[in-house]
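Here's the structure we're looking at; comments come further down.
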Amino acid sequence: VQLQACGGGLVQAGGSLRLSCAASGRTFSNYHMGWFRQAPGKERMFVTAISRSGGSTLYADSVKGRFTISRDNAKNTVYLQMNSLKPEDTAFYYCAAGLYYNGDPQRYNYWGQGTQVTVSS
């Protein structure tokens, strides 16, 4: 699976961004999808995941109630709606595809190139 993420940018605290991740190459609906983020000098952290059908979702405590993951299997795309953004949300955001529905980055097989999100205070 090839993954292409986009939608990052610079936003003020309290603002919103919507990330998209388009998949190609294999059957998108066979894979659980996740979003992870990595700030400078820090390890890659789990943000959210969605099951193959879209019927189940997981969120890191730090983003619960502010971020929403969704997917459109007809369009081979997963989305991350980010609201009420905080400066601490600043990071590179990566989408990933895997066969296991979880928050462990090591269990994901395919990764997109990442998109930068910067939240100014």
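Below, each value reflects all heavy atoms present in this structure, side chains not excepted, and no hydrogens, waters or symmetry copies.
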Report yes if some heavy atom in the side chain of [X] is under 4.5 Å from a heavy atom in the side chain of [Y]; otherwise report no.
X: Leu99; Y: Tyr31; result: yes
X: Ser62; Y: Arg37; result: yes
X: Tyr94; Y: Leu19; result: no
X: Arg71; Y: Asn73; result: yes
X: Thr77; Y: Phe28; result: no

Self-check item: Pairs satisfying side-chain hydrogen bond (donor to acceptor under 3.5 Å, both in side chains), at least one member in residues 95-112, at least two apart
Solution: none
Quiz prompt | Chi angles and distances behind the side-chain contact (heavy atoms from CB on, under 4.5 Å) call for Ile69, Tyr59 | solution = CA-CA 9 Å; Ile69 188 172; Tyr59 293 93; 3.5 Å; yes
Exercise. Would you kindly say whether the two SG atoms, from Cys21 and from Cys95, are closer than 2.5 Å?
Key: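 Correct, these two cysteines form a disulfide.
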Quiz item: For Val117, which of Leu17, Thr90, Leu10 qualifies under side-chain contact (heavy atoms from CB on, under 4.5 Å)?
Solution: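 Between Val117 and the candidates, side-chain contact (heavy atoms from CB on, under 4.5 Å) is satisfied uniquely by Leu17.
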Quiz item: What salt bridge (Lys or Arg N to Asp or Glu O under 4.0 Å) pairs are there with at least one residue in residues 48-68, not counting sequence neighbours?
Solution: Asp61-Lys64, Arg66-Asp89
Give the minimum heavy-atom separation between [X] and [Y], together with the two atoms involved.
X: Asn83; Y: Ser16; value: OD1-OG, 2.9 Å
X: Ala39; Y: Ala91; value: N-CB, 3.9 Å
X: Ser70; Y: Val78; value: O-CG2, 3.1 Å

Quiz item: Any sub-3.5 Å donor-acceptor pair from Gln113's side-chain atoms to Gln4's backbone N or O?
Solution: no
Run the side-chain donor-acceptor check on residues 42-50: report pairs under 3.5 Å with partners two or more places apart or on a different chain.
residue, atom, partner, partner atom, Å
Arg44, NE, Gln38, OE1, 3.4
Thr48, OG1, Leu58, O, 2.7

Quiz item: Are Phe36 and Phe67 connected, step by step, through hydrophobic side chains (Ile, Leu, Val, Met, Phe, Trp, Tyr) whose heavy atoms are closer than 4.5 Å?
Solution: no
Quiz item: Are Trp35 and Val1 linked, directly or through other ILVMFWY residues, by side chains that come within less than 4.5 angstrom of each other?
Solution: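 Yes; tracing contacts between hydrophobic side chains, which count when under 4.5 Å, links both residues.
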